[in-house]
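Please read the structure below before turning to the comments.
Protein chains get the first letters and strands the later ones, always in sequence-line order, with residue 1 at the start of each.
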Amino acid sequence: MFARGLKRKCVGHEEDVEGALAGLKTVSSYSLQRQSLLDMSLVKLQLCHMLVEPNLCRSVLIANTVRQIQEEMTQDGTWRAVAPQAAGRAPLDRLVSTEILCRAAWEQEGACPAPGLGDGHTQGPVSDLCPVTSAQAPRHPQSSVWEMDGPRENRGSFHKSLDQIFETLETKNPSCMEELFSDVDSPYYDLDTVLTGMMGGARPGPCEGLEGLAPATPGPSASCKSDLGELDHVVEILVET
Amino acid sequence: MYSKLHENNLNFPFTGGGNDIQWCFSQVKGAVDDDVAEADIISTVEFNHSGELLATGDKGGRVVIFQQEQENKIQSHSRGEYNVYSTFQSHEPEFDYLKSLEIEEKINKIRWLPQKNAAQFLLSTNDKTIKLWKISERDKRPEGYNLKEEDGRYRDPTTVTTLRVPVFRPMDLMVEASPRRIFANAHTYHINSISINSDYETYLSADDLRINLWHLEITDRSFNIVDIKPANMEELTEVITAAEFHPNSCNTFVYSSSKGTIRLCDMRASALCDRHSKLFEEPEDPSNRSFFSEIISSISDVKFSHSGRYMMTRDYLSVKIWDLNMENRPVETYQVHEYLRSKLCSLYENDCIFDKFECCWNGSDSVVMTGSYNNFFRMFDRNTKRDITLEASRENNKPRTVLKPRKVCASGKRKKDEISVDSLDFNKKILHTAWHPKENIIAVATTNNLYIFQDKVN
């Protein structure tokens with residue numbers, strides 16, 4: 001299912017516009033799945049940190065899986081097309097966010113909780129966006145609709161159960177990345193960035209259409225590599241008993 | 001001229017192996033109802049060296065020992081039954097005040113010492129502490145004290161007019177378990193293995209990152225013989241998953257890792273055996289590579305053959321037999337449940353991919369056995385290369401009922417009596433199995449029940 005070397009085709013065989021978008025979805029379904037696996041892994045690391053005494057073997061295996069995914073995402077070089085937000089809400093089985101991890105790190109350091117990412121609807125695409133250009137990519141027309149509204153219920157007890165997490169996220173509207181990170185302290189933004197393969201400090205806008213197929217600017221690998229150090233730091237927090 | 005009768009001749013306990021043997025239900029121990037009490041979950045099963053005793057440990061920290069009835073061999077239609085011999089609380093839950101963490105009382109492993117006198121000894125361990133237990137029988141008691149009544153009350157000395165010598169009189173058999181040694185405070189991480197050396201004086205205990213060597217008589221000191229903890233814990237990518245002493249060479253032991261490697265170490269080489277003498281590792285099959293490759297390669301159990309020439313490892317999908325003289329690949333590989341390979345993502349999600357299955361050899365090293373899901377267990381005959389899947393279930397409840405082989409349908413049309421992969425119950429897992437050292441008697445633990453099967457007699 002996650003075989004490496006899976007060829008990712010440029011889609012040309014869908015007939016209508018939506019078909020083109022669907023085609024892009026096919027192209028990025030691998031990355032969606034991979035992102036989902038990454039998220040699942042992070043949740044697991046999170047949960048096992050919440051347990052009384054985490055099983056070290058399990059933690060190490062999961063952390064290694066996270067690293068592998070991270071490495072592959074950086075090695076990809078070309079950041080692939082992402083299904084634009086117009087594709088609608090991501091499947092609800094899309095697991096939770098790295099935000100959980102950020103929150104955990106926060107909780108440990110006693111800082112303010114992160115805003116909820118509403119990640120159930122922040123799709124894979126957002127996370128492995130093109131590191132686009134310092135020039136801001138035109139905002140997706142729908143983004144204004146997705147502004148965070150309502151209280152940030154995601155702040156809460158560190159020990160929220162997974163069910164509660166899913167429930168909270170399902171009710172959230174997806175928000176544009178800018179909004180999400182507007183009040184995030186940068187170190188934690190970096191953390192999340194590392195884990196989701198985004199470039200640290202960049203202000204990604206959602207990719208649109210074929211823009212997404214543009215090759216990546218040279219930035220990402222370098223900064224992601226340095227951010228791998230951050231990943232190690234995270235792993236240390238989680239794994240050290 | 002050999003007739004079918006000869007094939008079933010009981011004088012040859014190891015006829016052929018897994019498939020020539022017809023396995024029959026013998027007994028089942030444990031609660032009948034489906035509502036499993038957490039404390040009753042069986043966490044380890046082990047026969048002693050003669051096979052007369054069978055010990056189980058559970059999540060509640062208890063050890064239950066069963067003893068085989070001495071049957072009349074001439075007349076018996078089956079081998080003796082196993083009945084409860086002794087039950088005791090081995091470990092209690094503890095609290096680590098420094099880390100604010102609870103230490104589980106779950107018994108991770110039990111290992112028997114060979115019998116030297118009338119008493120039996122075993123080592124039992126939880127995550128942090130190993131204990132040496134002495135199990136002894138008492139079938140006589142002194143009676144006729146001068147100063148005490150039979151019920152123990154003291155007599156008024158003025159009423160004593162004559163003196164007598166107390167004598168031993170028979171009493172109902174009482175089996176007592178007493179802790180003789182407690183080996184504590186030597187492990188920072190969770191103990192996954194204990195193994196008694198062939199010198200019968202020392203033993204090793206292994207946790208996720210370290211292996212310690214103990215002397216059975218000395219509890220306040222242990223020697224660290226393997227330490228894979230990195231200076232910087234951020235660099236930790238591999239842990240120790242199991243360890244065992246060689247059955248004959250008292251200087252040799254092996255340990256397996258979460259990356260699918262086995263290291264053989266010689267304690268004569270240096271005090272700290274961080275440098276292995278041999279490294280056993282099979283190169284990865286690139287066509288099967290996925291994000292789960294490392295997880296499924298993690299070795300959950302390693303067992304030497306009785307002969308000491310081979311060792312067996314269990315990873316998530318297979319059992320591998322290694323010749324100690326060949327490091328670059330196993331000599332035999334048996335697929336336990338290959339049909340799970342396409343389900344790895346779901347199994348990762350529900351954590352089943354981290355289940356640690358054990359494996360065991362039969363007495364003659366000709367057959368190996370391991371557990372699977374849906375209360376299935378598998379046996380592989382190394383000589384005939386045949387394998388069989390059986391189920392531990394109360395449905396085959398009558399003694400001497402021959403177990404019907406089971407089959408999982410991986411894909412396509414499901415034949416009658418086959419079970420499809422999607423119908424498997426992943427909550428019913430057989431992690432612990434044991435094989436009598438001399439006879440074809442096996443003990444198979446489901447979540448909270450212990451099944452005993454024997455080969456068909458007559």
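- More than 12 non-hydrogen atoms from other residues, nucleotides or ligands lie less than 6.0 angstrom from CG of Asp227(B).
- Both the backbone and the side chain of Asp351(B) have a heavy atom closer than 4.5 Å to some heavy atom of chain A.
- Between atom OG of residue Ser293(B) and atom CD of residue Gln68(A) there is a gap of 7.0 Å, rounded to the nearest 0.5 Å.
- Atoms CG and CG, on Asp207(B) and Leu56(A) in that order, are 9.0 Å from each other to the nearest 0.5 Å.
- None of Val60(A), Leu61(A), Asn64(A) except one satisfies the side-chain contact (heavy atoms from CB on, under 4.5 Å) rule with Lys259(B); the exception is Asn64(A).
- By the neighbour-count criterion of 12 heavy atoms within 6.0 Å, atom CZ of Phe95(B) is densely surrounded, having more than that number from other residues, nucleotides or ligands.
- Nearest heavy atoms, Arg67(A) versus Glu234(B): NH2-O, 3.4 Å.
- Proximity to chain A is absent for every atom of Ile353(B), based on heavy atoms less than 4.5 angstrom apart.
- Counting only heavy atoms from C-beta outward, the side chains of Cys57(A) and Lys356(B) approach each other to under 4.5 Å.
- With a 4.5 angstrom heavy-atom cutoff, Glu238(B) touches chain A only via backbone atoms.
- When heavy atoms are compared at a cutoff of 4.5 Å, Ser258(B) approaches chain A by way of both its backbone and its side chain.
- Heavy-atom distances place the side chain of Thr241(B), and not its backbone, under 4.5 Å from chain A.
- In this structure, the side chains of Phe354(B) and Asn55(A) stay at 4.5 Å or more apart for every pair of heavy atoms.
- In this structure the side chain of Val66(A) never reaches within 4.5 angstrom of the side chain of Phe291(B), judged on heavy atoms.
- Atom CD in Glu349(B) sits 10.5 Å away from atom OG in Ser41(A) (nearest 0.5 Å).
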Criterion side chain to side chain contact (heavy atoms under 4.5 Å, CB included) on Ile62(A) and Ile295(B), from CA distance to verdict
CA-CA 8 Å; Ile62(A) 297 172; Ile295(B) 299 177; 5.6 Å; no

